[in-house]
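Notes follow once the structure below has been shown.
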Amino acid sequence: MATIRELFHSLGNKHNILTVGCGATKETVEECLKAEGLSKIVKDNLLEILKNLEQITNEALEADKIATEIHDRIYKIIDPDTGKPG
Amino acid sequence: MPNNVLIVDDEKFLTDTLGAFLKSKGYNIFKAEDGQTTLNIIKNEMLDLVLLDIKLPGVDGIEILRLMRRDYPQVKVIVMTAYDMEYKQRVDDIGYDAFFLKPLLLDDLTREIERLLSGEKTATPLAEDKIKNTRQPVQGPQFTPLEGALPKARLLIVSPRNLISGLLKDYFSKREICNGIYEITESGLEQLEHIRKFQPDIVLLDIALVGMLGEFGLTLMNLPQPPKEIILFGDPAVKWEEVEALTRRGTRFIEIPSDLHDKGYPIKDTIERLDNAVKDVCIKYGLVKKEKSYEP
């Protein structure tokens, strides 16, 4: 069974995948927006995608803050390696 | 000529995505998802910068950071980790060029990479709420601790492997080779009277003593004059849970595989890493002797 430390580490990695994935996708979309001859509807859709990526990134950062709060509270009362009261 | 950047993380999605992103920025990218692959790339490629996750399978990121600082000081290292502020003191002691807590924001990471590779001396301001704990490189302990002083300590070697304990005893006994003054003894776990009389400053303990490390460690710490530190060494392939728990608490661990001819671990390098760990402890606890020529 994974330790509490390992679980928090995995959680942090999941949030990281979200922010890095969104960042890389945002870069790709911004490159697409540079293309000439885009129709208005395509441009609008790409801008909508950018807005949603920004939202996902912000939510991931907020989730990380909440997880950090939980991490700090739990570490005060439980040994993260044994799971027993510390 | 593009800069060579190595990305080290055990999450493949991350190394692939970050790799593609940085490649689009003009960097030449290498990727690794475990410690051994990382070591191979470091040794075989002329790297400019390493993005290093601390928690890795096999050889851990802290040992890799130590090796980088010692053998490749010109290579910039950005340390990345998730929630492991417990490791921060350890990495602070070794030194790095930047430290990022995950989750990463690519704009901030890119800016930091550009700053490091351009050789800028002052940091570009980073968003405080997004990047935590970025700091300037910390000077780690020096391996020649003081001008005109040598590390001096009593070393106890505890290992069931006669060949490795013989090699270590031979190495640390020769002042001109190890550049230190060490009194050495070897012992088994049961020879507590011998250990008590010897009063070791530092214990070099082989993790091959499976199932007994924790109890033996406690016994040592309960001696009237306990050692300053225990340094674990052994085969990373058999680094089991008890060792993981000890290393997570800050106990040093130096890889010395069972096969002393393992090309991934040249024996000279591994013994020197153990020597450096011993010197770190000597510096930390003031276990040094001034050379006569420097005495007033």
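Heavy-atom basis, side chains included; hydrogens, waters and symmetry copies ignored. Just so it is clear, the structure is predicted and the values come from calculations on it, not from any experiment. Residue numbers begin at 1 in each chain, while the letters A, B, ... track the order of the sequences.
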* Decide side-chain contact (heavy atoms from CB on, under 4.5 Å) for V20(A) and L109(B); before the verdict, give the C-alpha distance in whole Å, the side-chain angles of both, and the deciding distance to 0.1 Å. => CA-CA 10 Å; V20(A) 169; L109(B) 181 64; over 6 Å; no
* Between E11(B) and I17(A), which heavy-atom pair has the shortest distance, and what is it? -> OE1-CD1, 3.5 Å
* Rounded distance (nearest 0.5 Å) linking atom CG of D53(B) with atom CG of N13(A) -> 6.0 Å
* Pairwise side-chain contact, L61(A) with L105(B), heavy-atom cut-off 4.5 Å (strictly under) -> yes
* Asked: Taking all non-hydrogen atoms of both residues, which atom of P103(B) and which atom of T19(A) are closest, and how far apart?
  -> CB-OG1, 3.4 Å
* Taking only heavy atoms into account, what residues of residues 41-48 of chain A are found under 4.5 Å from chain B? -> none
* Per-residue contacts, residues 25-36 of chain A versus chain B, heavy atoms under 4.5 Å -> K26(A), E27(A)
* Closest non-hydrogen atom pair, A24(A) against L106(B) -> N-CD1, 3.4 Å
* Please say whether more than 12 non-hydrogen atoms of neighbouring residues, nucleotides or ligands are located less than 6.0 Å from NZ in K228(B). => yes
